[in-house]
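What you see below is based on every heavy atom in this structure, not just the backbone, and it leaves out hydrogens, waters and symmetry mates.
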Amino acid sequence: MPGTSGFRAAYDAALARWPGPVEAVDLATPYGVTRVNRCGPAGAPPLVLLPGGGSTSTVWGACVAAGAARTHRVHAVDLVGEPGLSVPAPGRAIRTTGDLVGWLDAVLDGALDGALDGALDGALDGLGPPGPVTLAGHSYGAWIAAHYAARRPARLGRLVLLDPTQVFAGLRPGYVLRALPMLVRPTPERIRSFLDWETRGAVLDPAWLRLQEQSAGFRTVRPVTGPRPDLAGLAQPPGAGPEVDVLFAGLARCHDSGRAARAARGALPGARVDVLPGIAHHALPLTAAAELARRVF
C-alpha cells in the first residue's frame, strides 16, 4: 500500500467525512492500479473528478456533500504517481501527455463499465441509463482534463476546468518560487505554510489539511509537463462538441485570473467562463463547493 501508515490514516479520515456510502474501486490500467472513490446513484450520469497536483480524490468531499452526488455517479480519482492510493506499474511510468490520455482512457472505460453495471438499478429507481461523461479537473487535474478533451472530444458530454493551470496562462514566477522549497523537500510545516499563504488564511477542512501535511512523506514520481493543450477542436458551435465550463479563482496567486479568463474566452468562445471572487486557487474545491454545485454539478 502506498504511503505511510500516518498518510493512510489521514486519507481514511478525510474520506470518512464524505456523506453516504463510498465505494472504493481499484481499476487496472496500463500504467498501474488507479484508486477511484465512487458515490451517488447507480446508473446516474457519470462525473469523473481529477484533483490537483499533490492532492488526492478526497479533496472533492465538499463538492459531493454540496450536491454533486445527488444527480451524478461520482468517480473521484487518485492520480497515478501523486499522493493517494493509486499504485504505479513498475517500469511503466506516465511520462507524456499521450500516456496520460491512454491512462485516462482506461479509467473512463472502468468508470463506464461500473455505470453500465448499475444502469438496471438506476432504471428501477427511475434514473434511466447513464448519460454522457462529465470530466472535471482542478489545477493540474484540469490541465490533464483539457489535454484529454482535445484528443478525445467524442468521449465527453461536458468538460469542467476549475482554475486550470498552464492551460490559458502560465504560472507566476513568484508563485513558483514560493512553492519550490515545498516541492524540493516537503515537510508538514512547509506544506501548511504554503497553503496558508496561497489561500490567504482561508479556513480549510482540518481532515484534508492533515492529509496534505502527511503527504510530505509520500513517494511521488515526477509529474508530466508539456505544452498547453491545443483546444482549437473544442471551439465548435453549440452541440458540435462537449459543453465547456471554465471557472477561475479570483484570489489565485498562481496566475492572473482575469487575464486567464480573457484568454479562455478567446480560445473557447462557446464556453461558459467566469471568475469566482474571493476564492483562492488551492481552496477552490473546498470553500466554493456550494457555488460549484450550483453552477457546474
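In this structure, the side chain of H75 does not engage the main chain of L112 through any donor-acceptor pair within 3.5 Å. No side-chain donor-acceptor contact under 3.5 Å links S193 to the backbone of R190.
With a 6.0 Å radius and a threshold of 12 heavy atoms from other residues, nucleotides or ligands, R95 has its CZ atom at or below the threshold. For R259, the CZ atom sits in a loose shell: 12 or fewer heavy atoms of surrounding residues, nucleotides or ligands are nearer than 6.0 Å. Around the CZ atom of R151, the shell of radius 6.0 Å holds more than 12 heavy atoms that belong to other residues, nucleotides or ligands.
Under the 4.5 Å side-chain heavy-atom criterion for ILVMFWY residues, no single connected hydrophobic cluster contains both L180 and L195. Each of L251 and V273 belongs to its own hydrophobic cluster when Ile, Leu, Val, Met, Phe, Trp and Tyr are linked at side-chain heavy-atom distances under 4.5 angstrom.
Taking 4.5 Å as the limit, some side-chain heavy atom of R155 sits within range of a side-chain heavy atom of D105. Side-chain atoms of F297 and T71, non-hydrogen and from C-beta on, never get closer than 4.5 Å to each other. A heavy-atom distance below 4.5 Å is not found between the side chains of S139 and D163. Using a 4.5 Å heavy-atom threshold, the side chains of D99 and W103 count as separate. No side-chain heavy atom of P41 sits under 4.5 Å from any side-chain heavy atom of R73. Considering only heavy atoms from C-beta on, V246 comes within 4.5 Å of V244 through its side chain. Between L27 and R35, the closest side-chain pair of non-hydrogen atoms is not below 4.5 Å.
Atom CZ of R172 is separated from atom CG of D256 by 5.0 Å, given to the nearest 0.5 angstrom. L171 contributes atom CG, which lies 6.0 Å from atom OG1 of T165 (distance to the nearest 0.5 angstrom). With values rounded to the nearest 0.5 angstrom, N37 atom CG is found 4.5 Å from L15 atom CG.
The aromatic rings of W143 and Y140 lie parallel to each other, with less than 30° between the two planes, well short of the 60° mark. Between H282 and Y175, the ring-plane angle classifies as parallel under the 30° and 60° cut-offs.
In summary, the aromatic rings of H281 and F248 are positioned with their centroids too far apart to meet the 6.0 Å limit.
Checked options V77, L162, V74; the residue passing with L49 is V74 (criterion: side chain to side chain contact (heavy atoms under 4.5 Å, CB included)).
Judged by distance alone, the side chains of D78 and T56 never bring a donor and an acceptor atom under 3.5 Å apart.
Look at R253 and E198 and you find no salt bridge, because none of the NZ, NE, NH1 or NH2 atoms lies under 4.0 Å from a carboxylate O.
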